[in-house]
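Okay, so here's the structure we're looking at.
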Amino acid sequence: MTNIVLFGKPGAGKGTQAEFLKEKYKLTHISTGDVFRFNLKNDTELGKQARVFMDAGDLVPDELTTKMLIDEVNKHPEANGILFDGYPRTLSQAEALDGFLTSIGSKVAATIALEADDELLVQRLLERGKTSGRIDDQDEEKIRNRYQEYNEKTAPLMDYYQAQGKFFAVNGIGTIAEITQRVSAVIDNL
Ligand SMILES: Nc1ncnc2c1ncn2[C@@H]1O[C@H](COP(=O)(O)OP(=O)(O)O)[C@@H](O)[C@H]1O
């Protein structure tokens with residue numbers, strides 16, 4: 001199994017790249033943001049619990065998120081590899097993912113970060129908010145809060161994966177195809 005973690009700030013283009021990469025490498029794409037939004041829309045128990053955090057631009061608590069993630073992975077026992085998008089976002093999630101993957105005889109092959117500067121990303125999210133209907137994309141204060149969450153809780157993961165020799169950063173500015181190529185170059189070299 002080649003499991004890839006797509007890493008990057010909100011708006012960095014993880015979801016966009018995932019659409020191309022999952023086809024190219026026959027990976028199962030799991031976006032925690034998408035799974036949460038599905039649950040919100042369907043008003044499930046999980047959706048009810050996650051809503052207050054998501055609407056404020058806060059991270060959903062680790063325990064809830066990790067349980068959901070493991071349930072998702074377990075739905076795809078035949079997967080060739082998983083493309084994780086939006087998970088892990090905290091050190092505790094990264095450790096939980098390692099523990100879980102080890103328990104099924106697998107591991108993270110690489111963490112690939114899409115890099116772009118904050119101001120450009122905030123503009124991208126505000127644009128997306130005009131059409132996506134996502135509450136967390138429509139308010140600059142909520143967007144800024146997501147960046148704060150990222151800087152405090154998610155950025156430290158770079159060191160975590162770097163220490164394991166698994167961290168790769170690519171320039172996330174350019175056309176979608178250019179960026180797919182940069183990410184592919186990393187995967188092809190694994
Ligand atoms: N791994 C996670 N841990 C905690 N909360 C998460 C996680 N993934 C998604 N969420 C919740 O879902 C929201 C939207 O996720 P996503 O679409 O991936 O966001 P973004 O566009 O900000 O990268 C996050 O702001 C957070 O509330």
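Remember, predicted model here, so these are calculated numbers, not experimental data. For ligands, and for the atoms within them, numbers begin at 1 and follow the listed sequence.
Of the heavy atoms in T65, only side-chain atoms (C-beta onward) come closer than 4.0 Å to ligand 1. The residue M68 has no part lying near ligand 1, judged by heavy-atom distances below 4.0 Å. Only the side chain of Q93 comes within contact range of ligand 1, with a heavy atom under 4.0 Å; no backbone atom does.
Near K14, the atoms of ligand 1 lying under 4.0 angstrom from a non-hydrogen atom of the residue are 23 (O). Listed by number with element, the atoms of ligand 1 under 4.0 Å from a non-hydrogen atom of T32 are 1 (N), 7 (C), 8 (N), 9 (C). For ligand 1, the atoms lying closer than 4.0 Å to a non-hydrogen atom of G86 are 1 (N), 2 (C), 7 (C), 8 (N). Which parts of ligand 1 touch P10 is read off a 4.0 Å heavy-atom cut-off, strictly below it: atoms 20 (P), 22 (O), 23 (O). With ligand atoms numbered from 1 in the order given, ligand 1 contributes 20 (P), 21 (O), 22 (O) to contacts under 4.0 Å with heavy atoms of R146.
For Y160 and D98, the side-chain atoms include at least one donor-acceptor pair closer than 3.5 Å. Side-chain N/O atoms of Q17 and T180 include a donor and acceptor closer than 3.5 Å. Side-chain polar atoms of E119 and Q123 form no donor-acceptor pair below 3.5 angstrom. D188 and Y25 share a donor-acceptor pair across their side chains, judged by distance under 3.5 Å alone. No side-chain donor from either of K22 and T28 sits under 3.5 Å from a side-chain acceptor of the other.
The two residues Y87 and V5 come nearest to each other via the heavy atoms O-CG1, 3.8 Å.
The protein non-hydrogen atom at the shortest distance from atom 12 (O) of ligand 1 is M54 CE, 3.4 Å. For atom 6 (C) of ligand 1, the closest heavy atom belonging to the protein is F36 CE1, 3.8 Å. The nearest protein atom to atom 9 (C) of ligand 1, hydrogens excluded, is given as R89 NH1, 3.3 Å; this is a heavy-atom distance. Of all protein heavy atoms, the one closest to atom 15 (O) of ligand 1 is G33 CA, 3.5 Å. When hydrogens are left out, the protein atom nearest atom 17 (O) of ligand 1 is R37 NH1, 2.8 Å; that is the closest non-hydrogen contact. Distance from atom 24 (C) of ligand 1 to its nearest protein heavy atom, with residue and atom name: D58 O, 4.4 Å. Nearest protein heavy-atom contact of atom 21 (O) of ligand 1 is R128 NH2, 3.0 Å.
With respect to F168, the side chain to side chain contact (heavy atoms under 4.5 Å, CB included) criterion is satisfied by exactly one of V186, N189, T111: V186. R146 pairs with exactly one of D137, V122, L59, L121 by the side chain to side chain contact (heavy atoms under 4.5 Å, CB included) rule, that one being D137.
Between D136 and I143, every side-chain heavy-atom pair lies at or beyond the 4.5 Å cut-off.
The residue from L64, N145, I143, V60 that puts a heavy atom closest to atom 5 (N) of ligand 1 is V60.
Taking any N or O of K9, backbone or side chain, none lies under 3.5 Å from an N or O belonging to ligand 1.
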Go through the steps to decide whether K75 and D71 satisfy the test salt bridge (Lys or Arg N to Asp or Glu O under 4.0 Å), and finish with yes or no. CA-CA 6 Å; K75 285 181 192 165; D71 285 348; over 6 Å; no
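Partners of E95 according to the side-chain hydrogen bond (donor to acceptor under 3.5 Å, both in side chains) rule, which considers only residues two or more places apart in sequence or in another chain, do not exist here.
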